[in-house]
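Right, one structure below, let's go through it.
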Amino acid sequence: MARSRENTRARLLEAAHDVFAEVGLGAASVEAICERAGFTRGAFYSNFETKDELFLALITQLAEDKLDEVAVRVRTLSGRDDPVDLVRQIADISLAERMEPQLLSEIRTQALRDDKLAAAFLAWREQMRVRVEAIITDVTSAHDIRLRMPLPDAAQLLLDVSEECTVRSSLERKSKRSANEALQSRLQQLVALLVEAG
């Protein structure tokens, strides 16, 4: 039963991702998502109360998947201690893949108009900051790196810069490869400012 529910939820999330990519968040109806997933509205509402809840679950899944990849990469870093080189190794994975800035931007825009969604969106951002903070802790501890600012602030700054860089690359219609190169370059610049000289 639990596995069936998990499968239904996964198919709804995948369908939502596809429908959003085609028509945007505003025009992505519950009916269209259910039709794409092959389920009834009842299946939808047994997993999500609203479309907003579904899209928050979607960005959570996408971000968590990417942060899981980064966490795995951190555990396999080479012994080199140059912080910029460490960032290069971590950012080598496709950080923007499947995490379309349009999705994040539309949810953020909706949150500006809806108090309940705003609270949920801010809680999601805090959850992401905590994950990034844990990754930074792993890197700094393993490689004896000291930061110039408190760890929570550094994690938030890295998230803010990553998000802004990704949105700009999308506006400039860069390829995924170019967008990742731009993000890697900006993160390397930021790390040089965040890390104390050894």
Side-chain angles (χ1 to χ4, degrees), residues 1-73 91-132 135 159-160 162-183:
M1 190 74 174
R3 182 171 296 176
S4 175
R5 180 180 174 83
E6 187 177 313
N7 181 56
T8 299
R9 186 179 175 89
R11 283 172 58 187
L12 285 167
L13 288 169
E14 188 65 31
H17 185 274
D18 293 343
V19 171
F20 170 80
E22 293 171 9
V23 301
L25 176 60
S29 67
V30 170
E31 290 78 10
I33 293 166
C34 290
E35 184 177 340
R36 181 66 57 90
F39 293 122
T40 63
R41 287 172 61 93
F44 179 92
Y45 287 112
S46 68
N47 285 275
F48 305 99
E49 288 187 14
T50 63
K51 185 176 71 171
D52 289 341
E53 182 183 328
L54 166 70
F55 279 102
L56 278 171
L58 176 59
I59 62 171
T60 298
Q61 175 188 293
L62 296 175
E64 286 286 351
D65 288 349
K66 192 52 57 183
L67 288 172
D68 286 345
E69 285 187 54
V70 174
V72 169
R73 175 63 63 91
D92 186 47
I93 58 177
S94 181
L95 293 172
E97 187 176 353
R98 297 200 82 226
M99 189 63 182
E100 291 87 348
Q102 295 93 331
L103 176 58
L104 199 56
S105 295
E106 286 203 44
I107 291 178
R108 183 168 53 188
T109 300
Q110 291 284 96
L112 288 170
R113 303 188 186 102
D114 184 310
D115 289 345
K116 185 176 178 182
L117 183 57
F121 183 72
L122 289 172
W124 172 79
R125 284 186 61 94
E126 176 63 12
Q127 181 183 351
M128 294 304 102
R129 186 196 62 74
V130 169
R131 283 293 312 274
V132 171
I135 291 170
L159 275 176
D160 291 344
S162 297
E163 185 177 315
E164 177 57 31
C165 187
T166 302
V167 169
R168 183 179 181 87
S169 290
S170 181
L171 289 170
E172 293 173 350
R173 304 300 190 257
K174 290 183 176 179
S175 66
K176 283 187 177 180
R177 179 174 180 175
S178 294
N180 285 325
E181 288 173 352
L183 177 57

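The chain is numbered in sequence order, starting from 1.
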Quiz item: Got a sec, which residues hit side chain to side chain donor-acceptor pair (under 3.5 Å) with Lys51, two or more places apart in sequence or on another chain?
Solution: none
Practice problem: Not counting sequence neighbours, which residues clear side-chain contact (heavy atoms from CB on, under 4.5 Å) with Arg113? List them please. | Solution: Thr109, Gln110
Exercise. For the pair Ser169 (side chain) and Thr166 (backbone), establish whether a donor and an acceptor sit closer than 3.5 Å, ignoring hydrogens and angles.
Key: no
Exercise. Run the numbers on Lys174 and Glu181 for side-chain contact (heavy atoms from CB on, under 4.5 Å), then give the verdict.
Key: CA-CA 10 Å; Lys174 290 183 176 179; Glu181 288 173 352; over 6 Å; no
Self-check item: Contacts of Asp114 that satisfy salt bridge (Lys or Arg N to Asp or Glu O under 4.0 Å) - sequence neighbours left out
Solution: none
Self-check item: Residues that Ala71 engages under side-chain contact (heavy atoms from CB on, under 4.5 Å), provided they are two or more places apart
Solution: Arg75, Arg131, Ile135
Quiz item: For the residue pair Leu159 and Val132, what are the closest heavy atoms and their distance?
Solution: CD2-CG2, 3.8 Å
Quiz prompt | Counterpart residues, side chain to side chain donor-acceptor pair (under 3.5 Å), relative to Ser178 (two or more places apart) | solution = Ser175
Quiz prompt | Set of salt bridge (Lys or Arg N to Asp or Glu O under 4.0 Å) partners for Arg9, sequence neighbours left out | solution = none
Practice problem: Could you list the residues that satisfy salt bridge (Lys or Arg N to Asp or Glu O under 4.0 Å) with Arg11, not counting sequence neighbours? | Solution: none
Quiz item: With sequence neighbours excluded, what pairs up with Phe39 under the ring pair (Phe, Tyr, Trp, His ring centres under 6.0 Å) test?
Solution: none
Self-check item: CG on Leu62 to CG on Leu67, rounded to 0.5 Å
Solution: 11.0 Å
Practice problem: Using a strict cut-off of less than 4.0 Å between a Lys/Arg side-chain nitrogen and an Asp/Glu carboxylate oxygen, indicate whether Arg168 and Glu164 qualify as a salt bridge. | Solution: no
Practice problem: For side-chain contact (heavy atoms from CB on, under 4.5 Å), just list the numbers for Val167 and Leu104, CA-CA rounded to whole Å, side-chain angles, deciding distance to a tenth of an Å, and then say yes or no. | Solution: CA-CA 9 Å; Val167 169; Leu104 199 56; over 6 Å; no
Self-check item: Spatial distance of atom CG (Leu183) from atom NZ (Lys176) [nearest 0.5 Å]
Solution: 14.0 Å
Quiz item: Do you know the tightest heavy-atom contact between Ala43 and Leu12?
Solution: O-CD1, 4.0 Å
Name the atoms and distances for all side-chain donor-acceptor pairs under 3.5 Å in residues 24-35, with sequence neighbours left out.
unit_1 : atom_1 : unit_2 : atom_2 : d
Ser29  : OG     : Ala32  : N      : 3.0
Glu31  : OE2    : Arg41  : NH1    : 2.0

Quiz item: Can you tell me how far CZ of Phe20 sits from CD1 of Ile107, rounded to the nearest 0.5 angstrom?
Solution: 7.5 Å
Quiz item: Taking only residues two or more places apart in sequence, or in another chain, which ones meet Arg173 in a salt bridge (Lys or Arg N to Asp or Glu O under 4.0 Å)?
Solution: none
Quiz prompt | Residue pairs passing the salt bridge (Lys or Arg N to Asp or Glu O under 4.0 Å) test where at least one lies in residues 119-130, sequence neighbours excluded | solution = Arg125-Asp160, Arg125-Glu163, Glu126-Arg129, Arg129-Glu133
Practice problem: Would you please test Phe121 and Leu112 for side-chain contact (heavy atoms from CB on, under 4.5 Å) and show each step? | Solution: CA-CA 10 Å; Phe121 183 72; Leu112 288 170; over 6 Å; no
Practice problem: Taking side-chain contact (heavy atoms from CB on, under 4.5 Å) as the test, write out the residues that go with Glu53, two or more places apart. | Solution: Phe48, Glu49, Thr50
